[in-house]
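A quick write-up on the structure given underneath.
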Amino acid sequence: MGSARQRMKARSINAEDLSALPLLAGLSSTARQKLIADGRICCYKPSEFIAFEGDPIDEALLLLKGGVVVSRVSMDGREQILERLERGALINLTALLTQNYPCFTAQVRASGQTEILKFPIALFWQFIRTEPRFTQELLCHLAGRDAALLELAASLSLSDVRCRLAACLIRHAGSNAGPGFTQAEIAAEIGTVREVVARLLREFEDQGWLIRVHHEIRLRDRLALEALAGGSHWGA
Amino acid sequence: MEKRNGPILPELEEAKCTRCGACVNACPELVVELPAEGAVVFANPTRCTYCTACEEVCPEGALHCPFVITWDSL
């Protein structure tokens with residue numbers, strides 16, 4: 001599998017790109033100018049791969065617009081979504097901090113029209129040393145990511161698939177991010193296969209908990225779904 | 001989900017379509033047709049019920065049926 005980095009389009013950075021992102025909001029003007037000078041913005045189409053597992057890491061990747069899905073794929077092709085990251089996330093944060101992983105340990109793909117600010121790892125470390133608000137925001141961001149992964153691990157280990165599906169539906173209900181969710185994507189998120197999701201959606205519909213209207217899944221019984229999701233440890 | 005004029009249809013990645021015809025055979029509403037050349041087309045788009053049968057049978061993963069998840073206002 002080849003590197004994903006050859007296909008994206010790039011554009012220059014302007015000051016507006018850096019505004020309103022919590023991670024960058026506290027940067028000094030000098031640091032901002034350095035980021036504009038040394039960074040670049042890469043644009044990706046929905047479902048386009050940003051990195052494959054095994055690609056070398058030589059830049060910090062900050063999500064400016066859109067969203068990304070971080071996942072791993074088993075040898076038999078089954079996908080497990082590990083994270084859905086939104087605007088402001090530093091995608092490869094763990095690898096940058098530990099420095100033990102010179103390559104991506106999971107694949108990353110755009111979930112919608114996505115823009116990523118890429119800047120040198122040396123600049124990332126310079127900000128950590130000299131920009132206290134950047135470092136503080138980074139720690140908050142890291143804690144949030146760590147908590148989400150902990151919940152995912154607990155959910156996959158301790159909750160059954162019906163609970164995980166209910167929690168997943170509640171989590172994404174009303175979300176305007178991205179192009180929607182296929183049954184395969186829902187399966188990849190809750191650790192099962194598409195056929196199980198299709199069967200459970202029919203079962204939930206038979207129970208009156210949801211109704212499918214063309215391309216919409218409308219959740220109807222909040223109490224029942226929340227009670228079921230209560231058995232889940234992820235985002236319920 | 002991208003807003004477009006007309007009915008929402010399954011998303012087709014034309015580059016992945018091998019013209020195997022599995023989706024044509026699976027579609028219960030005869031929405032999908034195989035033209036003389038190129039990828040399959042949604043010839044009768046208004047009849048699509050979004051049943052996901054085409055997505056299910058496509059061996060190349062060329063068809064996608066993303067769902068929007070909402071709370072029912074009723």
Side-chain angles (χ1 to χ4, degrees), chain A residues 7 45-48 66 69 73 77 79 109 111-113 165-190 193-199 201-202 204-205 208-226, chain B residues 1-33 38-74:
Chain A
R7 292 174 294 182
K45 293 177 288 189
S47 301
E48 187 173 358
V69 174
V73 180
E79 182 181 27
R109 70 172 187 274
S111 59
Q113 290 289 346
L165 177 59
C168 176
L169 293 172
I170 292 170
R171 187 165 53 248
H172 294 307
S175 166
N176 292 320
F181 303 91
T182 65
Q183 293 180 18
E185 286 170 333
I186 293 173
E189 186 164 319
I190 65 174
V193 295
R194 182 191 182 284
E195 290 75 10
V196 171
V197 170
R199 177 171 56 78
L201 286 174
R202 281 195 298 272
F204 285 12
E205 192 167 15
W209 298 341
L210 59 82
I211 183 171
R212 277 184 287 185
V213 181
H214 204 259
H215 65 286
E216 288 185 49
I217 295 173
R218 295 181 188 168
L219 309 187
R220 304 192 87 167
D221 192 334
R222 182 186 286 266
L223 288 178
L225 287 168
E226 287 182 345
Chain B
M1 182 175 291
E2 195 175 337
K3 286 186 179 176
R4 350 166 190 184
N5 295 325
I8 299 284
L9 294 168
E11 296 171 357
L12 171 65
E13 288 186 74
E14 292 187 8
K16 285 187 177 177
C17 178
T18 61
R19 295 173 48 82
C20 70
C23 54
V24 177
N25 294 328
C27 180
E29 300 295 333
L30 307 178
V31 173
V32 194
E33 290 184 4
V40 293
V41 294
F42 298 102
N44 302 298
T46 55
R47 294 177 60 173
C48 177
T49 62
Y50 218 75
C51 69
T52 75
C54 57
E55 179 191 53
E56 192 171 341
V57 299
C58 178
E60 306 301 328
L63 284 155
H64 309 284
C65 298
F67 284 89
V68 173
I69 304 169
T70 61
W71 287 105
D72 195 351
S73 56
L74 292 177

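Predicted model only: the values in this text are computed from it and were never measured. The chains referred to below are lettered A, B, ... by the order of the sequence lines, with proteins before strands, and numbering in each begins at 1.
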Rounded to the nearest 0.5 Å, what separation is found between the [atom1] atom of [X] and the [atom2] atom of [Y]?
{"X": "B/T70", "Y": "A/L219", "atom1": "OG1", "atom2": "CG", "result": "6.5 Å"}
{"X": "A/H215", "Y": "B/I8", "atom1": "NE2", "atom2": "CD1", "result": "4.5 Å"}
{"X": "A/L201", "Y": "A/W209", "atom1": "CG", "atom2": "CH2", "result": "12.0 Å"}

Whatever's closer than 4.5 Å to a heavy atom in chain B on A/L210 counts as neither
Fill in: Sidechain-backbone polar pair: A/E205 side chain, A/R212 backbone, donor-acceptor under 3.5 Å
yes
Sequence neighbours excluded, the answer for salt bridge (Lys or Arg N to Asp or Glu O under 4.0 Å) partners of B/E33 is none
Between B/H64 and B/E13, is there a side-chain donor-acceptor contact under 3.5 Å, judged purely by atom types and distance? yes
The interface call for B/T49 against chain A, heavy-atom contacts under 4.5 Å, is backbone
Residue pairs passing the salt bridge (charged side-chain N to carboxylate O under 4.0 Å, His left out) test with at least one member in residues 38-62 of chain B, sequence neighbours excluded, are A/R194-B/E55, A/R194-B/E56
Within residues 21-31 of chain B, contacts to chain A at heavy-atom distances under 4.5 Å involve none
Hits for side chain to side chain donor-acceptor pair (under 3.5 Å) against A/K45, two or more places apart or cross-chain, chain-then-number order -> none
Max heavy-atom pairs within cutoff under 4.5 Å with chain B, candidates A/R218, A/Q183, A/H214, goes to A/H214
Comparing A/I186, A/V213, A/D221, A/T182 against chain B, the one with the most heavy-atom pairs below 4.5 Å turns out to be A/T182
